[in-house]
> 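Please read through the structure below; I'll follow up with questions.
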Amino acid sequence: MKARTRFAPSPTGELHIGGIRTAIFSWLLAKHTGGEFYIRLEDTDQERYVPGSARRILQSFDWLGIQLDGGPDHAELAAMKTNEDYPEALADGSYHGVPKPFVQSQRLAFYKERSEWLIANGYAYRSNETSEELDAMRKEAEAKKQNFRFHEHMRLRTDIKPDEPHVVRMRILPPNGQTVLNDALKGKVVFENANVDDAILLKSDGFPTYHLAVVVDDHMQGVTHVLRGDDWLPSAPKHVLLYQYFGWDQPVWAHTPNVNGNDGRKLSKRHGAQTIWEFRDQGYLPEAMINFLAMLGWAPGNGDEQNVFTIDELIAKFSLDGVGISPAVFEYNKLDWLNGVHIRRLPAEDLAKRLEPFLAQAGVVVDTPEKHEKLLRMIPLITERIKKLNEAAPFVDFVFSDIVTPPQEQLIGPKMELHLSLHALKESRRVLDELPNFDDAAAMEEAMRKLGDDLALKPTQLFTIIRNAVTGKSVTPPLFGTMAVMGKATTLERIDRAIAQLSGR
RNA sequence: GCCCUCAUCGUCUAGUGGACUAGGACGCGGCCCUUUCAAGGCCAAAACACGGGUUCGAAUCCCGUUGAGGGCACCA
């Protein structure tokens, strides 16, 4: 059975990493079945709307490499309260049959129509308490240590005409019955109707609340599986009831556990990165983010112990059965490791391309074909040394810009005297200069090892001196490959400067 | 206060009544490899929250306790 799923954020700010995980689950489920995944913007709260956030939400999916089968297009975004600019054409309108529009503020007529239907059929009623009146009722209940739940009998005025300001509230029927949610993850969850309040469905400004809008849209747009955060569980009976009132088949419900920080609490700013952009800026790969997030609360199961997945593998193996029911803690250790794994899987040209912005930010300029070529040659030498893209710069910066000649103490080999180090440096220069082909790192290594033998030096001793002389650092990618990339002229020039430094000149 | 959910190594998890002396991964420790740093290989330490049941047998089923999380808006 083909699944059609959606992710329905409200454009009130940045997407939270936990929300993105839910979106990834939904997307994987849809793609696993050959179905569709789309985005719907739930902008029914005019107050909380943040201009620009719709565009950022769409761009998040773009960065992650998640292809949408539907979502607000140019015209829909343009029609939002504040003009949204999304230059990249999101889709061409061929939405696999998912009916437009994908922005709730442009679907108002549907909600109005359904709400009138509910009233006409006895499932909803008009009500017009002011917020002050409601507050007073709440305070009173609190003073009596009672729960406040709005029910029809509490109405202050009952003779409300359709043309005067009012809200529409749902009736909970039968009042003393039970409503059962069949959740694919949690199983049967039973709610006493007495504990469900008469939620507002249509606000006095004519906009729907979430409860009405989500049910109407999911039905009209043919959503088969509703995946959403655990925090929606308490209001799920309202939605179940609405489906029953309308006589519609319910979707498969799946309330996913939340993602917590390492203190077991809901992820928030003090836990570090929040938005996908922060991860991107720290040098995490979208491939790794998807892999990691998918495994946060999901595992292939059946004894399958795979940890590293390509996107295609995730799509092939994902199913709701593998989704857990207890909250997961977001930890960076495994993410970092996974990111390193995915970096090592990248072809050199691809990694170089992704590295360039990070190098530029660190002041390493790769702006000519020659420099690009050098970077490409450095890639195999650094790929297994970095876990994040922002860690590459220290491994290559000395290739692209000059170094400060190291102080004497750095040019003296371990357990060696100054004069012996100086001699080793001079001999190294001679050997390197005599090399027939400076590009041949293997031959270079062979020659240098022989020199070490001749001088009765351990490789560590000799190579440490050269490493410091040539790179100015004690930690670098493999020495000879690096020198080959730097080239003969640069290498010998730096050794000359080191010789001068050690000679005290 | 009321309602709901959850509970296996530090973390992500496998496990659906016997194959569990509880498996894998990350991290941590050790060893090997080694020109530095990594990567890689090998080894080790590390968990069924607690208490009652049910059963010949329970990490797995039931009840309770404790702990944690979430929800109780003209917000989603």
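Below, chain A is the first sequence line, B the second, and so on; all start at residue 1.
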> Can you check each nucleotide of nucleotides 34-50 of chain B against protein heavy atoms at under 4.0 Å and return B for base, S for sugar-phosphate only, - for none, in 5' to 3' order?
-BBBBSS----------

> May I ask you to check whether A:Arg344 and A:Thr383 show a side-chain donor-acceptor distance below 3.5 Å?
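No, A:Thr383 and A:Arg344 have no side-chain donor paired with an acceptor closer than 3.5 Å.
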
> Which part of the nucleic acid, if any, lies within reach of A:Val189 when heavy atoms closer than 4.0 Å are counted: base, sugar-phosphate only, or nothing?
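Contact class for A:Val189: sugar-phosphate only.
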
> Quick one: label A:Thr12 by what it contacts on the DNA or RNA (base, sugar-phosphate, nothing), any heavy atom closer than 4.0 Å.
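Touches nothing.
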
> Pairing donors with acceptors under 3.5 angstrom, does anything connect the side chains of A:Asn262 and A:Tyr332?
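The criterion, which ignores hydrogens and geometry beyond distance, is not satisfied for A:Tyr332 and A:Asn262.
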
> So, A:Phe7 versus A:Tyr38, ring centres under 6.0 angstrom or not?
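No, ring centres 6.0 Å or more apart.
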
> Rounded to whole Å, how long is the line connecting atom CG of A:Leu233 with atom P of B:rA76?
19 Å

> Can you tell me if A:Ser53 uses its side chain to pair, donor with acceptor, with the backbone of A:Tyr49 under 3.5 Å?
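No.
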
> Starting at CD of A:Glu331 and ending at C1' of B:rC28, how long is that distance when rounded to a whole Å?
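For the pair A:Glu331 CD and B:rC28 C1', the rounded distance is 13 Å.
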
> Closest nucleotide of RNA chain B for A:Asp304 versus for A:Asn307: which of these residues is on the 5' side?
A:Asp304

> Within this structure, what is the CD-to-P distance between A:Glu305 and B:rA22, rounded to whole angstrom?
15 Å

> Between A:Glu129 and A:Ser127, is there a side-chain donor-acceptor contact under 3.5 Å, judged purely by atom types and distance?
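Short answer, yes.
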
> Along nucleotides 61-74 of chain B, 5' to 3', which nucleotides get a B, which get an S, and which get a -, given that the test is a protein heavy-atom distance under 4.0 Å?
--------SBS-SB

> If we count only N and O atoms by modelled type, under 3.5 Å, do the side chains of A:Gln146 and A:Glu140 hold a donor and an acceptor together?
no

> I'd like to know if A:Glu116 and A:Arg126 make a salt bridge, using a cut-off of under 4.0 Å between side-chain N and carboxylate O.
yes

> Within 45° of the ring axis of A:Tyr125 and under 6.0 Å from its six-membered ring centre, is that where the NZ or CZ of A:Arg171 lies?
no

> Identify whether any heavy atom of A:Gly340 sits under 4.0 Å from a base atom; if not, whether one sits that close to sugar-phosphate; answer base, sugar-phosphate or nothing.
nothing

